[in-house]
Amino acid sequence: MKKTIALWAALTAVALLVTGCTVDEPAAAQPPAPAKTATTAPPAGDEAPGAPGAAEAAAYRKWGLKPFPAPPAPPAVKPVARRAGGPVPVISEIPTREKIVFLTIDDGAEKDPEFVRMMKDLKVPFTMFLTDSAIRADYAYFAPLIAQGDGLANHTLTHPNLRTLGPDAQRREICGQQTKLKQRYGTTPRLFRPPYGNWNEATRAAAGECGLDAIVLWRESMQIKNMQYQRGDRKLHPGDIVLAHFRGPSELKGRTMTEMTATMLRKIQEQGFTVARLEDYV
């Protein structure tokens, strides 16, 4: 009997050894799981690479600039509007207290591909006042700018001094360019700028007959390196409309259009302004 019990005990021990089990041995204590730590967002102004803020900053650095603050939301009611049956308003600035200005670029003679890339990178809103005689050699150049959301506006067919023309001739210049721009780009302009800023009441009447909502003049104009101001204090004011031109090295004394544009944007930033879209206010 004792031999039988001893044999059974030996066989049981072997079985336990093979299966890895132990008799009456508590399970080994497992080390505690590491505590989960909350993921913290990077501090404001310190976006991770690839975040929208970082991408925008990189795009601006490419052109030697710093990003603009976002403009305020457009007003629910546009501060400039043509009254039903009333004359076309003539404006040089937008009534606002916000530190915003509006960029406008005229004619269309210079067609620098780098400028298209610059505006795609920076996404700064501006309005193009185009003259058919200046753009007809390459209508396609302006299509990507319009596709990017930049404004399309009327600057006559041939860039005449409208004060020297009679009512019918003015109407042909203005309405004719309305038709051309609609045919080329599928968009009918709402804004008009008379060449040289010269207009009279016949201009105003023709603009209204051609379906335009406003005649847009300006308060400042960008030259090669400097801004020209109409006011004596030589400063930007809230709502000012800024004029520039599609110009290249032959007119800018060797500077490119992108260099001129970068200088203009720096001057706006230095005075604490940002850029808003003119069509949101007129």
Side-chain angles (χ1 to χ4, degrees), residues 74-96 102-109 125-139 141-143 145-147 149-219 221 230 239-246 276-282:
V77 178
K78 293 182 179 182
V80 178
R82 182 184 179 187
R83 297 191 305 273
V88 172
V90 181
I91 59 172
S92 299
E93 68 271 336
I94 300 297
T96 180
F102 303 91
L103 300 186
T104 62
I105 307 181
D106 280 12
D107 301 343
F126 73 98
T127 301
M128 299 174 283
F129 287 84
L130 300 181
T131 298
D132 188 66
S133 60
I135 69 174
R136 67 171 59 134
D138 188 3
Y139 288 118
Y141 171 83
F142 302 93
L145 293 168
I146 296 166
D150 298 312
L152 176 67
N154 185 329
H155 198 41
T156 72
L157 285 171
T158 65
H159 208 272
N161 179 350
L162 292 175
R163 286 181 186 168
T164 68
L165 302 181
D168 290 342
Q170 290 202 41
R171 194 178 304 109
R172 286 193 295 271
E173 283 284 341
I174 299 170
C175 292
Q177 183 64 340
Q178 287 289 91
T179 301
K180 287 268 190 181
L181 294 174
K182 170 65 174 178
Q183 289 173 342
R184 292 290 174 179
Y185 303 112
T187 299
T188 301
R190 296 190 303 104
L191 307 179
F192 171 69
R193 173 170 286 156
Y196 318 106
N198 291 342
W199 64 281
N200 55 24
E201 287 303 318
T203 312
R204 203 173 190 179
E209 292 170 16
C210 298
L212 290 148
D213 293 336
I215 293 175
V216 180
L217 305 179
W218 61 90
R219 277 296 185 181
S221 61
Q230 293 180 359
D240 277 0
I241 296 169
V242 180
L243 164 67
H245 290 85
F246 284 92
R277 185 174 180 268
L278 181 60
E279 288 80 359
D280 290 337
Y281 290 76
V282 183

Do [X] and [Y] come within less than 4.5 Å of each other through their side chains, counting heavy atoms only?
| X | Y | result |
| --- | --- | --- |
| His245 | Asp106 | yes |
| His155 | Leu130 | no |
| Arg172 | Leu157 | no |
| Asn198 | Leu162 | no |
| Glu209 | Ile174 | no |
| Ile94 | Leu278 | yes |
| Thr96 | Pro79 | no |
| Pro195 | Thr158 | no |

query = Backbone N or O of Asp213 within a donor-acceptor pair of the Arg82 side chain at under 3.5 Å?
reply = no
What's the shortest heavy-atom distance between [X] and [Y], and which atoms?
| X | Y | result |
| --- | --- | --- |
| Lys78 | Val282 | NZ-O, 3.3 Å |
| Met128 | Phe142 | SD-CD2, 4.0 Å |
| Pro95 | Val80 | CD-CG2, 3.9 Å |
| Val216 | Pro194 | O-CD, 4.4 Å |

So, taking the atom named [atom1] in [X] and the one named [atom2] in [Y], what distance separates them when rounded to the nearest 0.5 Å?
| X | Y | atom1 | atom2 | result |
| --- | --- | --- | --- | --- |
| Gln177 | Thr131 | CD | OG1 | 6.5 Å |
| Leu191 | Leu212 | CG | CG | 7.5 Å |
| Ile215 | Ser92 | CD1 | OG | 11.0 Å |
| Leu181 | Ile146 | CG | CD1 | 7.5 Å |
| Gln170 | Asn200 | CD | CG | 5.0 Å |
| Leu243 | Thr127 | CG | OG1 | 12.0 Å |

ask   = Passes side-chain contact (heavy atoms from CB on, under 4.5 Å), Ile241 versus Arg193? Steps please.
value = CA-CA 12 Å; Ile241 296 169; Arg193 173 170 286 156; 3.7 Å; yes
inquiry  = Check this for me: Arg184, atom CZ, are more than 12 non-hydrogen atoms of other residues, nucleotides or ligands nearer than 6.0 Å?
reply    = no
note = So the ring-ring contact (aromatic ring centres under 6.0 Å, His included) pairs with at least one residue in residues 173-198 (sequence neighbours excluded) are His159-Tyr196
message = For residues 152-184, which residue pairs pass the disulfide bond (SG atoms under 2.5 Å apart) check, not counting sequence neighbours?
response =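 Output for this query lists Cys175-Cys210.
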